[in-house]
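What follows is a single structure, written as structure tokens, with notes after it.
Just so it is clear, the values below take in all heavy atoms, side chains as well, and ignore hydrogens, waters and symmetry mates. Remember, predicted model here, so these are calculated numbers, not experimental data.
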Amino acid sequence: MKEIPIPAAYEAREKKKRHLRLGVRILGISAVIFAILAVLCLLGVFFSVIVAEFNRGAAHLCYYLAAGFGGGGVLFALLAFLMGKLSGKRDLLTADFCERCDGEDSFFVGDGTLATFEEGHLRLHDEENRTQIEIPYSELRAFSVCSRTRPCERGQWAVILEVPRRYIMKEGTFSESDPPALIQTDAKERLFSTLAKFGIDLLGEHQPSDMPTGKCFKPLQKYYLPDMKKRNRALLIGGLGLLLVAAGVLLGFLFKVTVGVVCAVFGVFLLARAVIAFVQARGMLAIFEEGIYWRETDRRESAFLKWEEVERIERGEHKGFPVLTLHCVYADFYFPEVGDVWEYLLETHREKCDA
């Protein structure tokens, strides 16, 4: 990662921080503004076409406007995407700069919270050093983790610090039987060097140097779990689409063809969207030679775990549903038990199953 030079004077460092954070905010606001403009341009295309159909005298002007709005929509959408990417990259550079201003062994572990590695202990504090917590290294463990939302090598690398809850939670809000608290920070070479300097072993998966990051894995077995709530919603949208198509046909015959066509087109769009939503409204549990994968219907909570990460698997219930609890060294994951997946796991990975 490219590093921003740190000024020697304290005032200059604080001024640089404010400047960098302002730049991140400006880029983020610009991305939102361009996204709104893109949506407005798409609405402009729609209304221009509608006006052209009802006012044939201004049809040519409206079609020119529709073309202009269409081009503007594409341009603004691209600018929104570009501003969003630049904002994300700038945010990472800004965070790294603020960390190094605090110290070469300091790293953000939350919004405004820094973890500084010092001799004999880890110190958690805010940027103004008003609140400080010291955790001995003897009670701390560090894990290298790759969060994967797809069954492939590519993922988001992070370092997770495991600490006793009593250091970061108020008394009475936890019990001694509760698992340790987990603190996450970005994986970076500076952090790896710091851990090695203070003699802290980095457990878990380490990023391979010879593995292509884009390599995807092939499933051995798949199990599907329909999401009936989303499927019922898709059926309602599909019914509305059919009604609009029927209404468009009637309007075309009884009133005006162009009005009927516009109505029918919207109906076809809703119907196609409903069909796609109905097909996609199902989760998928898949077994791979490399690991196990659960894909949510909206894919935001999907997770792929390599077999090396999974210590053991047991059957149970979570929130009233049958699940497979996958115990990893740093956390537990709950995947739905679908079909005969448990029997398949007993056949292929009995050593990890609590039968």
Side-chain angles (χ1 to χ4, degrees), residues 140-165 174-184 187 201-208 211 213 215-230 280-355:
L140 177 148
R141 291 198 300 173
F143 301 94
S144 173
V145 176
C146 183
S147 299
R148 299 178 174 90
T149 56
R150 296 179 57 206
C152 60
E153 281 294 340
R154 188 186 303 276
Q156 185 67 40
W157 288 90
V159 171
I160 292 179
L161 304 176
E162 180 189 89
V163 301
R165 288 182 180 269
F174 67 96
S175 65
E176 292 299 327
S177 60
D178 288 343
L182 302 177
I183 302 172
Q184 181 173 316
D201 293 331
L202 184 60
L203 309 174
E205 182 184 0
H206 292 263
Q207 188 168 5
M211 180 68 74
T213 57
K215 179 184 177 182
C216 291
F217 307 131
K218 295 182 179 179
L220 302 175
Q221 191 78 3
K222 292 181 179 180
Y223 302 89
Y224 294 99
L225 183 64
D227 188 330
M228 298 310 300
K229 184 177 180 180
K230 291 187 176 181
Q280 292 181 342
R282 61 177 183 175
M284 183 185 74
L285 184 68
I287 310 299
F288 295 76
E289 182 180 347
E290 295 82 2
I292 183 170
Y293 175 57
W294 167 246
R295 187 189 69 197
E296 290 276 4
T297 53
D298 57 9
R299 307 197 180 193
R300 287 179 296 180
E301 299 297 328
S302 302
F304 177 78
L305 300 174
K306 283 192 169 183
W307 292 122
E308 294 86 343
E309 299 178 74
V310 181
E311 292 185 322
R312 72 180 196 280
I313 308 172
E314 62 178 344
R315 304 173 83 178
E317 282 193 3
H318 185 68
K319 297 182 179 179
F321 296 97
V323 297
L324 300 175
T325 303
L326 289 84
H327 298 280
C328 298
V329 67
Y330 54 90
D332 292 340
F333 292 82
Y334 301 99
F335 289 178
E337 183 182 345
V338 187
D340 63 346
V341 63
W342 180 250
E343 288 72 19
Y344 184 82
L345 289 172
L346 286 175
E347 292 178 6
T348 56
H349 294 87
R350 180 173 287 274
E351 72 283 356
K352 293 187 179 291
C353 298
D354 283 349

**OP:** Using the side-chain contact (heavy atoms from CB on, under 4.5 Å) rule, take V341 and I287 through it: C-alpha gap first, then chi angles, then the decisive distance, then the call.
**Re:** CA-CA 9 Å; V341 63; I287 310 299; 4.1 Å; yes

Original post:
Where do L345 and L324 land on the side-chain contact (heavy atoms from CB on, under 4.5 Å) test, with the steps shown first?
Top reply: CA-CA 11 Å; L345 289 172; L324 300 175; 3.8 Å; yes

**OP:** Walk me through it: do L182 and E162 pass the test side-chain contact (heavy atoms from CB on, under 4.5 Å)?
**Re:** CA-CA 5 Å; L182 302 177; E162 180 189 89; 4.0 Å; yes

Subject >> Criterion side-chain contact (heavy atoms from CB on, under 4.5 Å) on Q280 and K230, from CA distance to verdict >> reply: CA-CA 9 Å; Q280 292 181 342; K230 291 187 176 181; over 6 Å; no

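With sequence neighbours excluded, the residues satisfying ring pair (Phe, Tyr, Trp, His ring centres under 6.0 Å) with F288 are F304. Residues that satisfy the side-chain hydrogen bond (donor to acceptor under 3.5 Å, both in side chains) test with K222, not counting sequence neighbours, are absent from this structure.
Here E205 pairs with R148 in a salt bridge; the nearest charged N to carboxylate O distance falls below 4.0 Å.
Among residue pairs with one or both ends in residues 320-329, none qualify as salt bridge (Lys or Arg N to Asp or Glu O under 4.0 Å); sequence neighbours excluded.
The two residues A303 and Y293 have their closest heavy-atom pair at O-CD1, 3.2 Å. Taking each heavy atom of K352 and V310 in turn, the nearest pair found is NZ-O, 2.7 Å.
Annotation: side chain of P336 is in contact with side chain of W294 (closest heavy-atom distance under 4.5 Å). Counting only heavy atoms from C-beta outward, the side chains of L305 and F335 approach each other to under 4.5 Å. Looking at F217 and E153, their side chains come closer than 4.5 Å, going by heavy atoms from C-beta outward. Within the 4.5 Å cutoff, the side chain of E337 has no heavy atoms near those of the V323 side chain. In this structure, the side chains of R141 and Y330 stay at 4.5 Å or more apart for every pair of heavy atoms. Looking only at side-chain heavy atoms (C-beta outward), R154 and C216 stay at 4.5 Å or farther from each other.
Between the side chain of S144 and the backbone N or O of G204, no donor-acceptor pair lies under 3.5 Å.
The number of heavy-atom neighbours closer than 6.0 Å to CD of E343, taken from other residues, nucleotides and ligands shown, is above 12. Within 6.0 Å of atom OH in Y344, more than 12 heavy atoms from other residues, nucleotides or ligands are found, so the atom counts as buried in its surroundings. Within a 6.0 Å radius of CD in E311, more than 12 heavy atoms belonging to other residues, nucleotides or ligands are found.
Between atom NE2 of residue H349 and atom CD1 of residue I292 there is a gap of 9.0 Å, rounded to the nearest 0.5 Å. Residue L346 holds its CG atom at 10.5 Å from CG of D340, rounded to the nearest 0.5 Å. Remark: I313 CD1 to R350 CZ distance equals 12.5 Å, nearest 0.5 Å. Atom CZ of residue R282 and atom OH of residue Y223 lie 15.0 Å apart, to the nearest 0.5 angstrom.
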